[in-house]
Amino acid sequence: LFTLLVSGFVITGCSISLEGKHFWIIRTNPIKTSTIFLSKVFVNVLIAGLFVLIGFPFILSFVELSNCWWFIVVPIVSSVLSSLIGLTINLNFPKLEWDREESVVKSSLSSLLSIFLPMILSLIPFVVYIVSLNKVITPFSFVYFLVMYDLILILLLCLWLKKHGEEALYNAAVHKS
């Protein structure tokens, strides 16, 4: 549940679009594309991480101290995944022309997809576990599986961003929505 909540917190889903009319600043600055992407992901993970740390004492009241670190690792890894998904979606569906910021945040395709896609991708392993794997593997083994699942998706998104991210960023101005 904690992971699902964190995965629904995605500010990178509109972070490129919010540049709007000032997008030319990103395009002309001598900053590496990877630095731009990392900064946007880091802000999202930092804010989500604060929620994880605030909720951690509550989790401690229900879980053994020896297993509690998973309740920090899994949501943070999930937050990195959600951030990368949001960034990738926003690079593919930017909305750079807008009159009010709320039109980008509340009614753009990238914001909608950035909220629901990470939640769906987080739900898939849980549904598979509940439906068929809960009698085969232990909950602790499932947590390892969940982290590996997220890390594989993170790796795939990082590879996509490395290969196509710069081109998508600098072509975003052409995709006026």
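As a basis for the values below, the full set of heavy atoms in this structure was taken, side chains included, without hydrogen atoms, waters or symmetry mates.
- You'll find the side chain of S122 reaches within 4.5 Å of the side chain of S78, heavy atoms only.
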Residues S111, S114; criterion side chain to side chain donor-acceptor pair (under 3.5 Å); working and verdict: CA-CA 5 Å; S111 289; S114 296; over 6 Å; no
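- Separating the NZ atom in K40 from the OG1 atom in T35 is a distance of 12.5 Å, to the nearest 0.5 Å.
- Atoms OG1 and CG, on T88 and L157 in that order, are 4.5 Å from each other to the nearest 0.5 Å.
- The distance between the ring centers of F142 and F126 falls below 6.0 angstrom.
- Side-chain contact check for V10 versus I85: every heavy-atom pair is 4.5 Å or farther apart.
- At least one side-chain heavy atom of P139 sits under 4.5 Å from a side-chain heavy atom of Y129.
- At distances below 3.5 Å, not a single donor-acceptor pair connects side-chain atoms of S141 with backbone N or O atoms of I137.
- If you take CZ on F116 and CG on L123, they are separated by 11.5 Å, rounding to the nearest 0.5 Å.
- A distance of 10.0 Å separates CG in L87 from CD1 in I36, rounded to the nearest 0.5 Å.
- Here the straight-line distance linking atom OG1 of T138 with atom CG of L133 works out to 11.0 Å at 0.5 Å rounding.
- Rounding to the nearest 0.5 Å places CD1 of I124 at 11.5 Å from CG of L146.
- The closest side-chain heavy-atom distance from L84 to F37 is not below 4.5 Å.
- Using modelled atom types and a 3.5 Å distance limit, the side chains of S79 and S82 yield no donor-acceptor pair.
- A continuous path of ILVMFWY side-chain contacts below 4.5 Å connects F145 to I120, so both sit in one hydrophobic cluster.
- V131 and L121 fall into different hydrophobic clusters, where Ile, Leu, Val, Met, Phe, Trp and Tyr residues are linked whenever their side-chain heavy atoms come under 4.5 Å apart, directly or through other members.
- Across all non-hydrogen atoms, the minimal contact from S15 to N90 is N-OD1, 3.4 Å.
- Under the 4.5 Å side-chain heavy-atom criterion for grouping Ile, Leu, Val, Met, Phe, Trp and Tyr, Y144 is connected to V147 within one hydrophobic cluster.
- If you chain together hydrophobic residues whose side chains sit under 4.5 Å apart, W160 and V77 fall into the same group.
- Connection of V136 to V143 is established within a shared hydrophobic cluster, with ILVMFWY side chains joined at heavy-atom distances below 4.5 Å, either directly or through further cluster members.
- Contact detail for L91 and A168: the closest heavy-atom pair is CB-CB, 4.0 Å.
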